[in-house]
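Order of the sequence lines sets the chain letters (A, B, ...), proteins ahead of strands, with each chain counted from 1.
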Amino acid sequence: MVAVSAPYVAGFLAFREVPFLVEAVQRVQQEEPRLKPQVLLVDGNGLLHHRGFGVACHLGVLTDLPCIGVAKNLLQVDGLARDELHREQIRSLQRGGDTFPLTGTSGNVLGMALRSCNSSKPLYISVGHRVCLETAVRLVQSCCRYRIPEPIRQADIRSREYIRKQMCSPVKVPSSGPERKEKAELDD
DNA sequence: GCGACAG
DNA sequence: ATCTTGTCGC
């Protein structure tokens, strides 16, 4: 369990969560050294970001591991919007694996919208660190049993269950201030 | 005042 | 993110 104090501010997610994500990666290396993460899937964006450096970039640099941003909602930046054109592009995604590029007004391709499995709502994939967008999309698609890629989904499910047990189990004795949950992401 | 708003 | 009501598909 970790204690998060920094508030969530759109565009500054990394400043709230990246310290705990780095901690989690280091804990894996120390407590389970035989596990060697080759890539991290992050619940958030990479280059698809106001300043082109979202939490997936932060975590990648700090851990020196390949990193992929996987967002469940479009971060409206560089002219990208959830307008009618965007909704039309989403409708054009017919099958799992279908994609369309997220090209900003600047002309840069900031990421890809990906239809994973049978979900009509796409994922927004972007480069975090040491991986190209095409590889990122293929890798995410390859580990989607449901809409959310399984590593992130399992991290989410298990962290929530941990929190639930934490609250329903007998109270501790010399407790301190209120804590918050540790969140998801992770490897393979 | 109104729209935007990763998690 | 969280909460709530209702619907749809397996």
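- Residue-level contact check: A/Phe15 touches neither bases nor backbone, having no heavy atom under 4.0 Å from any strand.
- Using a distance-only test at 3.5 Å, with no hydrogens or angles considered, a donor-acceptor pair links the side chain of A/Arg115 to the main chain of A/Leu93.
- At B/dG7, one or more side-chain N or O atoms of A/Asn73 fall inside 4.0 Å of OP1 or OP2 (strictly under the cut-off).
- Using a 4.0 Å heavy-atom cutoff across all strands shown, A/Val9 reaches no nucleic acid atom at all.
- A close approach under 4.0 Å does occur between a side-chain nitrogen or oxygen of A/Arg160 and OP1 or OP2 of C/dA1.
- Straight-line distance between the C1' atoms of B/dG1 and C/dT4: roughly 28 Å, to the nearest whole Å.
- Rounded to whole angstrom, the span from the CG atom of A/Asn45 across to the P atom of C/dA1 amounts to 13 Å.
- Distance CD1 (A/Ile163) to P (C/dT2): 10 Å, rounded to an integer number of Å.
- Taking side-chain N and O atoms only, A/Lys72 has no distance below 4.0 Å to OP1 or OP2 of B/dA6.
- In this structure, A/Ser126 contributes its side chain and A/Gly111 its backbone to no donor-acceptor pair below 3.5 Å.
- Taking atom CG of A/Asp78 as the reference point, atom P of B/dA4 lies 17 Å away to the nearest angstrom.
- Rounded to whole angstrom, the span from the CD1 atom of A/Ile125 across to the P atom of B/dA6 amounts to 16 Å.
- Taking atom NE2 on A/His50 and atom P on B/dA4, their separation rounds to 13 Å, with Å as the unit.
- Per the geometry, CG belonging to A/Asn118 stands 18 Å off P belonging to C/dC8, to the nearest Å.
- Classification of A/Arg87 and A/Glu84 as a salt-bridged pair holds, one side-chain N sitting under 4.0 Å from a carboxylate O.
- Using a 4.0 Å heavy-atom criterion, one finds that A/Gly69 contacts no nucleic acid atom at all.
- In this structure, A/His50 has its ring center no closer than 6.0 Å to that of A/Phe12.
- Taking atom C1' in both C/dT5 and B/dC2, one finds a spacing of 28 Å when rounded to whole Å.
- Atom C1' of nucleotide B/dA6 and atom CZ of A/Arg16 are separated by 12 Å, given to the nearest angstrom.
- Taking side-chain N and O atoms only, A/Tyr8 has a distance below 4.0 Å to OP1 or OP2 of B/dA6.
- One interatomic measurement links the two molecules: CD1 of A/Ile148 to C1' of B/dG7, which rounds to 12 Å at whole-angstrom precision.
- Contact check on A/Glu134 versus A/Arg138 returns no salt bridge, with no Lys/Arg side-chain nitrogen under 4.0 Å from an Asp/Glu carboxylate oxygen.
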